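To find a chain, count down the sequence lines: A is the first, B the second, and so on, and within it residues start at 1. Note that the coordinates shown come from a computational prediction; the quantities given were computed from them, not determined experimentally.
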There are 2 protein chains.
Amino acid sequence: MATLTGVQKAYILHWGEMGTRWGINRTVAQIHALLYLSPRALPAEEIAETLSVARSNVSTSIRELEGWGIVRAVHVLGDRREHYESMKDVWEMFRLVIEQRKRREIDPTREMLRRSLEELDPKEAGVDFTRERLAAMAGFFDAVTELHDQMKSLPTGTVRKLLRMGAKVSGKKKSRAASS
Amino acid sequence: MATLTGVQKAYILHWGEMGTRWGINRTVAQIHALLYLSPRALPAEEIAETLSVARSNVSTSIRELEGWGIVRAVHVLGDRREHYESMKDVWEMFRLVIEQRKRREIDPTREMLRRSLEELDPKEAGVDFTRERLAAMAGFFDAVTELHDQMKSLPTGTVRKLLRMGAKVSGKKKSRAASS
DNA sequence: CAAAACTTTCAGTTCAAACAGAATCTACAG
DNA sequence: CTGTAGATTCTGTTTGAACTGAAAGTTTTG
């Protein structure tokens, strides 16, 4: 079991805390942080020891990380155990997470809004106000979805470049966009 | 106490659930949903009854929503009680929330990464690998921050328009950006 | 200034998510 | 086929966030 340096500890703890704020299990986030900082793939046993959590807890958490597609099992010659490693490309990692969260949270919300707008009873009092609010919310999520779909169609590196300089482009575009 | 229609109930419940997934208290999210759908400002008492939660719970939750800047107290003639209403502009609402979350979560993370990179001990084993990982993560958060700062400087309506058609612009840029 | 109306704070209590450890399952080696 | 190493699932327990109701605080009104 590799002992952690001060910086590594700080990173893992911070990342775990960050996870909880965004609805991600603290241990899951910590394991990801550990693997992200690790130069070699680690067996579950070693992860459990390093972070002082139960082996079973690691098993469940790893499964979730595999579900996000940002951690995978690799095999080491002469060792029957699974070793786990994190994706190293930060941009791709966040792209994956965002894509999944969209699928799990944004899409169902859009569906709920769509169905609600359908179900609105015209005889009900205050229905116009409700419709307006739901439609406004739906419009927002539609726009976010459209943007996401477009980004998805770009090769990974491009997204990074666009995001890096995109802000400046937007600035220049401001007058044109506003007047259109 | 206004009784809720089926659609309103569905929206409030969904929004509450959505909140928990993003690290926002369920009751806080539900109260926001209720106020968002309400054509008039509501007193705390009525919110408590409508959602079946304790009056004190409403008090705390409202305070948090005021903290986000998306709910405010208004006064009704002939009534001493505070009445609460939600901002109705969805885009502005999310802009505010994003801005705050950046301040509360992204900024401290950048700070942690910055400090960690400083503290790295060159004599420690594997320090190069760690530095590389931290730097990559820092680069990502720097880019996100830059984009955010640029968006912040645009008038509200513009952000909406840019986001709506921005995707198409990106699409056209694809070849150019990829080859740069 | 005292009572009334309303709000916030505080001290326990509740509850769901997270967790540990045991039991079970799976794959492989001998 | 049997034993062993490792992974997963299951069940009860723990823990911390969320919540309630009571107490304290604040503002208004007569």
Side-chain angles (χ1 to χ4, degrees), chain A residues 1 12-13 15-35 40-68 71-85 104-105, chain B residues 1 12-35 41-68 71-85 104-105:
Chain A
M1 163 186 171
I12 290 168
L13 289 173
W15 206 240
E17 206 49 47
M18 197 57 34
T20 63
R21 302 246 193 156
W22 290 83
I24 287 164
N25 182 282
R26 176 181 277 111
T27 303
V28 170
Q30 286 185 348
I31 290 177
H32 175 259
L34 172 62
L35 293 179
R40 61 188 172 88
L42 303 178
E45 177 67 24
E46 189 170 342
I47 296 171
E49 283 172 10
T50 306
L51 299 179
S52 306
V53 296
R55 174 71 185 71
S56 58
N57 198 356
V58 172
S59 183
T60 312
S61 301
I62 288 281
R63 189 94 93 17
E64 182 163 347
L65 287 167
E66 286 178 327
W68 292 100
V71 160
R72 57 170 193 166
V74 295
H75 291 248
V76 171
L77 275 174
D79 195 333
R80 271 175 53 192
R81 298 174 299 175
E82 306 260 21
H83 290 58
Y84 301 96
E85 70 176 13
R104 299 179 195 182
E105 288 136 23
Chain B
M1 162 185 171
I12 290 168
L13 289 174
H14 185 98
W15 206 239
E17 205 50 44
M18 197 55 37
T20 63
R21 302 246 193 156
W22 290 82
I24 287 164
N25 181 284
R26 176 180 277 111
T27 303
V28 170
Q30 285 185 348
I31 291 176
H32 175 259
L34 173 62
L35 293 178
L42 303 178
E45 177 67 24
E46 189 171 341
I47 297 171
E49 284 172 10
T50 306
L51 299 179
S52 307
V53 295
R55 174 70 186 72
S56 57
N57 197 359
V58 172
S59 182
T60 311
S61 301
I62 287 282
R63 233 139 146 284
E64 182 162 347
L65 287 167
E66 286 178 328
W68 292 100
V71 160
R72 58 171 190 166
V74 296
H75 290 245
V76 172
L77 276 173
D79 195 334
R80 272 177 52 193
R81 298 173 300 174
E82 307 261 21
H83 289 59
Y84 301 96
E85 71 176 13
R104 299 179 195 183
E105 287 136 25

Problem set entry | Sequence-distant partners of Trp68(B), side-chain hydrogen bond (donor to acceptor under 3.5 Å, both in side chains), two or more places apart |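 None.
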For this session: Please identify each residue that fulfils side-chain hydrogen bond (donor to acceptor under 3.5 Å, both in side chains) with Arg80(A), with sequence neighbours left out.
Result: none
Over how many whole Å does the gap from [X] atom [atom1] to [N] atom [atom2] extend?
X        : N       : atom1 : atom2 : result
Glu17(B) : dA18(D) : CD    : C1'   : 15 Å
Arg55(B) : dA18(D) : CZ    : P     : 19 Å
Arg81(A) : dA5(D)  : CZ    : P     : 12 Å
Asn57(A) : dG12(D) : CG    : C1'   : 15 Å

Exercise. Do the non-hydrogen side-chain atoms of His32(A) and Trp15(A) ever get within less than 4.5 Å of each other?
Worked result: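 Touching, per the 4.5 Å side-chain cut-off.
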What are the atom names and distances for every N/O pair under 3.5 Å that joins the protein to nucleotides 25-30 of chain D?
{"unit_1": "dT27(D)", "atom_1": "O2", "unit_2": "Arg80(B)", "atom_2": "NH2", "d": "3.3"}

Exercise. Tell me, which pairs form a salt bridge (charged side-chain N to carboxylate O under 4.0 Å, His left out) where one or both residues lie in residues 23-33 of chain B, sequence neighbours left out?
Worked result: Glu17(B)-Arg26(B)
What's touching nucleotides 15-17 of chain D from the protein side, N or O pairs under 3.5 Å?
none

Exercise. Of all residues at least two apart in sequence or in a different chain, which pass the salt bridge (Lys or Arg N to Asp or Glu O under 4.0 Å) check with Glu105(B)?
Worked result: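 Result, salt bridge (Lys or Arg N to Asp or Glu O under 4.0 Å) vs Glu105(B): Arg21(A), Arg101(B).
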Among all residues two or more places apart in sequence or in another chain, which pass the side chain to side chain contact (heavy atoms under 4.5 Å, CB included) test with [X]?
X        : value
Asn25(A) : Thr27(A), Val28(A)
Ser59(B) : Arg55(B)
Ala48(A) : Val58(A)
Arg63(B) : Glu66(B)

Exercise. Below 4.0 angstrom from OP1 or OP2 of dC19(D), is there any side-chain N or O of Thr27(B)?
Worked result: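 So the side-chain polar atoms of Thr27(B) do come within 4.0 Å of the phosphate oxygens OP1 or OP2 of dC19(D), strictly under.
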For this session: Under 4.0 Å between any heavy atoms, over every strand shown, what does Glu82(B) touch: base, sugar-phosphate, or nothing? Just pick one.
Result: sugar-phosphate
Exercise. Between Arg72(A) and Glu85(A), is there a side-chain N and carboxylate O pair less than 4.0 Å apart?
Worked result: yes
Exercise. First and last nucleotide of DNA chain C in contact with chain A, 5' to 3', at under 4.0 Å to a heavy atom: what are they?
Worked result: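 Terminal contacting nucleotides, 5' to 3': dA18(C) to dA27(C).
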Problem set entry | CD-CG distance between Glu49(B) and Leu51(B), expressed to the nearest 0.5 angstrom | 10.5 Å
